[in-house]
Every structure is written in structure tokens, then in C-alpha cells.
Student: 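Here you go, one structure.
Index from 1, following the sequence.
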Amino acid sequence: MTRLAINGGEPLRTTPFPPYVSIGREEKDAAIDVIERGELSGFLGTSSPRFLGGPRVRRLEHDWEKYFGVKYAVSMNSATSALYAAVGASGAGPGDEVIVSPYTMTASASAALVNGAIPVFADIDEETFCITPETVGRCLSPYTKAIVVVDLLGHPADMDGIMEIARERNLVVIEDAAQAYGATYQGRPAGTLADIGVFSLNVHKTIHTGEGGVAVTNDASLAERLRLIRNHGEVVVREMGVDNLVNMVGQNYRMTEIGAAIAVEQLKKLPVLHPPRVAAANFLTQHLSSLDGLVAPRVKGGVVHGYYRYGMKVQKSIIGVSRDRIADALNAEGIPMVKGYTRPLYLEPLYQKRIAFGRDGFPFTYPGYKGSVSYERGICPVTERMFEHELMVTDVCHASIGQSDLMDVVAAFRKVWDNLDSLS
């Protein structure tokens, strides 16, 4: 029996996996063209045609609308900005609650805080790692204003059920589809399933511009509010005849012409960049599903997974070895593995100490907030179990990964499973 690297043996793989590269000549030429034309941003914070940005920004938004089949796309300088603008557009503010996932990048929840609202954390499904209609229902209160749903690791949430709840209570739903490029739910693209969808163009995503984001909606009023928040809306509302001034203290969330030019080219590549992720994930699932105590990603019926990351669960009750020990062993064999994905957000100091803005703890201490929210350990037991004991995540499912790379992953898992006794 081959000795595990964690126990002093030779690692199965000593060379790093190839990095994901989606930027090529097309993006370089597009960026150079913008530089040569000399207009790096076309925005002005005035009530004029330039309020909507330059030609590359408008081209990107048009192409995005056509590709995803939506009426309005509003580009931003990051998906974080798009989330902040989306919660602002919903009208959520001081005294309101926004239901969010605890198992996600921090901006999905802090989007409520920056608008003065209180995040309320709903637990996740143990297979999709997304919040569910049931967990959302348990968090509803008279103060709920909006729901932020995250398609974690690329698997869309059960959006039909969540939207049904929202329609009954007149709530705005925001879909954070930053990780779900190429994913679909009941034949519809992830990111188009809610009142507002948010896409990320961060460097780690399937398509990217380094930093950037796009918000989409089919609602003209929400689109207008997104644009106003993006671009110093407080100084143009009079000229534009805007009566609803809630959250219209605008920001500078504008995308540059270079970023938009690169995004136009990246969007063209999405149809060929997503399928290799699915193929790689399917290969791993096929070859790893026979390992006792390892649960490969489960894909719900009617769903195509985006596979931003490949997430697996380790069942210590079956193999007698902890998730952390398994992940350490795989890392020692040269297979990149992250334990737990991310800490539940409500356990971070911001929520434990309830201090966000100013010395007095706004918005948690806002006198106009009449609700009650808990951030104690145990409020989301499935999330805590995934983080502390079961989930581990790898990023080896992308277009730059070859068949031999995937075979190394499978071989490393089998090596570890053949040596479970030495890890217990």
C-alpha cells in the first residue's frame, strides 16, 4: 500500500494545476482600441445622454440583455456595488429586515447594512447549499422588505418557491448569481429568476474583467433606480422627474470603458467556457461517487449547475475520519482543497458585536427598528455543520484543466481512501 504524503510518503502530484485563463487576444485588442480612442469613461453625473455611460458600456448592457433575455442590464464596477444598488433599489432601509444567506461572500449580506437594513440569516439546504423556501419562511417578519438569494458554487436555489413567498408579501427578491454563469433553473438562466439578478465579473469568475458586475431586471422602475444609485442620482432626480427619493443618495458604481470592452468579448466566450466545467465535474462525480463516505455534488431536477467550484461532503460517521483530516491529506497529495468554504457570516465580529456604522452600532441600534434578530451560534445548524464538519471545495473544474489533471484528482482520492486507517 502506497504511503500517504501527509504521513511522509511521496505526493501523487508535485506540479500546480494549470490556472484558469479566459483572457486572450480579443480582450487585449478591445482594451487597446479604447485606449487609442482616448475616452476611458463616458459617464457624467448629470441629466444627459452621458448619464448612461459611454459606447462600450452601452454596448455591453445591450449584449447582456440579449444574451440573458432580460429587458434591462445595468453595469457596475463590481458585483458588490450591484448588490448594494439592488438592495437600495428595493427600498429597504432603516427599520427593515432583509433575509440573506449566511454561507456566502460577505457582500451578499452587507448589502442590507449599507442601506441601513438588518440582515436576517436563513439556513441552507444541505445539498444545494442555498437558502430554501422553508428556511426563508421561518425568517419572515412584519419588517421583511427583501430577500437576497445566493446560487452558491453555481447551483441555483429553489427560486419558484421563494418567489411565491415574495409575491404573497410584496417583497423584492435579489438573486446573487455571481457564481452561476451557465447555470439554468427550469430552462431559465440563473440570474434572471428574481426581481433583480446580479452577476460578477471578478477575476475568479467564469468570465471576468478583473473587477466588475452587472445587475439585470425586467422592471423599468427598478432599472431606473439601479442607474440612479450607480451614478450620483441625488443630483439628477429633479431633472429626470423622479418622485421616489428613497435611497437615492447615489454612489459612483460606474464601469470604465476598458472594463466594458473586455466584458463584451468575455460574454461572447461564455458558451464555450461553461461546458468544460460541467464535463469536468461530471467526470469527477462519475469516478468519486463509489467512495464510501464521500458525497459528490447533487444536482436538483430541472437544474444545470454552473460549477464555479466543486463541493463535496465527507461523512465521518461512515469512514471514521474527519473532513479536516481528509482535506489535509488531499492537499498533501497536491490536490487543492478548501475546508468548509466560508465561515457563517453571523459569526463574524461585525454581527457578534453589532457594530457597523458609527460608534453607536447603527443600524442594529436604530430606534426605529422594532424587530428582533439573533446572531447566536446555532441559528443555522446546517450551515454550521457544513462549515465545521462536512463540506470541502476544490477549483479544478474549469476550461484550463485537462484529462490528465482530472485523473490525478481521482487517483489522489483513491489513494487517500485506500489509506483511511492511517488517518484515523
Student: Considering non-hydrogen atoms only, spot the tightest contact between Thr104 and Thr342 and give its length.
Tutor: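 So the two residues come closest at N-CG2, 3.8 Å.
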
Student: Please report the interatomic distance CG(Asp176) to OG(Ser101), rounded to the nearest 0.5 Å.
Tutor: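 It comes to 9.0 Å.
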
Student: Assert yes or no for the condition that the ring centre distance of Phe129 to Tyr341 is strictly below 6.0 Å.
Tutor: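 Phe129 vs Tyr341: aromatic centres not under 6.0 Å.
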
Student: Assess whether atom CZ of Arg354 is packed by more than 12 heavy atoms of other residues, nucleotides or ligands within 6.0 Å.
Tutor: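 Counting neighbours around CZ of Arg354, more than 12 heavy atoms of other residues, nucleotides or ligands fall under 6.0 Å, so yes.
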
Student: Can you label the angle between the His305 ring and the His155 ring as parallel, tilted or perpendicular, going by 30° and 60°?
Tutor: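 His305 and His155: perpendicular rings.
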
Student: Could you tell me if the side chain of Asn115 sits less than 4.5 Å from the side chain of Asn247, heavy atoms only?
Tutor: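 A side-chain contact exists here, since the closest heavy-atom pair is under 4.5 Å.
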
Student: Just one of Lys66, Glu61, Arg59 clears the side chain to side chain contact (heavy atoms under 4.5 Å, CB included) bar with Asp63, so which one?
Tutor: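 Among Lys66, Glu61, Arg59, the one that satisfies the side chain to side chain contact (heavy atoms under 4.5 Å, CB included) with Asp63 is Arg59.
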
Student: Below 4.5 Å, heavy atoms only, C-beta onward: do Pro119 and Val98 meet side chain to side chain?
Tutor: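 Of all side-chain heavy-atom pairs linking Val98 with Pro119, none is under 4.5 Å.
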
Student: Would Ile131 and Val150 satisfy side chain to side chain contact (heavy atoms under 4.5 Å, CB included), going step by step from the backbone distance to the final call?
Tutor: CA-CA 7 Å; Ile131 63 175; Val150 181; over 6 Å; no

Student: Check Ala190 against Ala177 and note the closest heavy-atom contact, atom names and distance.
Tutor: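 Ala190 and Ala177 have their closest heavy atoms at C-CB, 4.1 Å.
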
Student: Any idea which heavy atoms bring Ile124 and Pro102 closest together, and the distance?
Tutor: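 Where Ile124 meets Pro102 most closely, the heavy atoms are CG2-CD, 4.3 Å.
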
Student: Any chance you could lay out the side chain to side chain contact (heavy atoms under 4.5 Å, CB included) test for Tyr308 and Tyr181, step after step, and finish with the verdict?
Tutor: CA-CA 8 Å; Tyr308 168 71; Tyr181 281 111; over 6 Å; no

Student: If the plane angle is over 60° it's perpendicular, under 30° parallel, otherwise tilted; pick one for Phe362 and Phe357.
Tutor: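 Correct class here is tilted.
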
Student: Shortest non-hydrogen contact from Phe199 to Gly191?
Tutor: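 Scanning both residues, the minimum pair turns out to be CZ-CA, 3.7 Å.
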
Student: Roughly how far, to the nearest 0.5 Å, is CG of Leu420 from CZ of Arg325?
Tutor: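 It is 11.0 Å, given to the nearest 0.5 Å.
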
Student: Quick check: closest heavy atoms across Gly91 and Val246, and the distance to 0.1 Å?
Tutor: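 So the two residues come closest at O-CG1, 3.9 Å.
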
Student: Relative to each other, are the rings of Phe121 and Tyr346 parallel, tilted or perpendicular (30° and 60° limits)?
Tutor: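 Phe121 and Tyr346: tilted rings.
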
Student: To the nearest 0.5 Å, what is the distance between OG on Ser41 and CE on Met255?
Tutor: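 So the OG of Ser41 and the CE of Met255 are separated by 11.0 Å.
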
Student: Is there a side-chain contact between Val74 and Tyr253, using heavy atoms and a 4.5 Å cut-off?
Tutor: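 Contact flag for Val74/Tyr253 side chains = no.
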
Student: Considering the options Arg323, Arg385, Lys339, which one meets the salt bridge (Lys or Arg N to Asp or Glu O under 4.0 Å) requirement together with Glu390?
Tutor: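 Per the salt bridge (Lys or Arg N to Asp or Glu O under 4.0 Å) rule, the option paired with Glu390 is Arg385, out of Arg323, Arg385, Lys339.
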
Student: Check step by step if side chain to side chain contact (heavy atoms under 4.5 Å, CB included) holds for Leu83 and Met105.
Tutor: CA-CA 11 Å; Leu83 286 166; Met105 189 266 189; over 6 Å; no

Student: Can we say Asp125 and Arg298 salt-bridge, meaning some charged N sits less than 4.0 Å from an Asp/Glu carboxylate O?
Tutor: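 Not counted as a salt bridge, because no side-chain N and carboxylate O are separated by less than 4.0 Å.
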
Student: For Glu224 and Tyr72, test the side chains for any donor-to-acceptor distance below 3.5 angstrom and give the result as yes or no.
Tutor: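 No, no side-chain donor-acceptor contact under 3.5 Å.
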
Student: Quick one about Tyr185 and Asp158 (side-chain donor to acceptor, distance below 3.5 Å, no hydrogens or angles considered), yes or no?
Tutor: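 Per modelled atom types, Asp158 and Tyr185 side chains form a pair under 3.5 Å.
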
Student: Identify the two heavy atoms, one from Ala82 and one from Val198, that lie closest to each other, and give their separation to 0.1 Å.
Tutor: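 The answer is CB-CG1, 3.7 Å.
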
Student: If the threshold is 4.0 Å, N to carboxylate O, is there a salt bridge linking Lys268 and Glu26?
Tutor: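 No.
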
Student: Look up atom CG in Leu193 and atom CG in Asp160, then write down how far apart they are to the nearest 0.5 Å.
Tutor: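 Output value for this atom pair is 8.0 Å.
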
Student: Is the count of non-hydrogen atoms from other residues, nucleotides or ligands lying under 6.0 Å from Arg50 atom CZ greater than 12?
Tutor: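 Yes, CZ of Arg50 has more than 12 neighbouring heavy atoms, counting only those of other groups under 6.0 Å.
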
Student: Using the side chain to side chain contact (heavy atoms under 4.5 Å, CB included) rule, take Gln251 and Val114 through it: C-alpha gap first, then chi angles, then the decisive distance, then the call.
Tutor: CA-CA 12 Å; Gln251 307 291 332; Val114 300; over 6 Å; no

Student: Have Tyr375 and Glu348 got a donor and an acceptor in their side chains that come within less than 3.5 Å?
Tutor: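 Side-chain D/A pair, Tyr375 to Glu348: absent.
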
Student: What pairs meet the side-chain hydrogen bond (donor to acceptor under 3.5 Å, both in side chains) rule with one or both residues in residues 197-217, with sequence neighbours excluded?
Tutor: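 Qualifying pairs: Asn202-Glu211, Thr206-Arg277.
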
Student: Determine whether more than 12 heavy atoms belonging to other residues, nucleotides or ligands lie under 6.0 Å from atom NZ of Lys316.
Tutor: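 12 or below, so no.
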
Student: Got a sec, which residues hit ring-ring contact (aromatic ring centres under 6.0 Å, His included) with Tyr20, two or more places apart in sequence or on another chain?
Tutor: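 ring-ring contact (aromatic ring centres under 6.0 Å, His included) list for Tyr20, sorted by chain: His398.
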
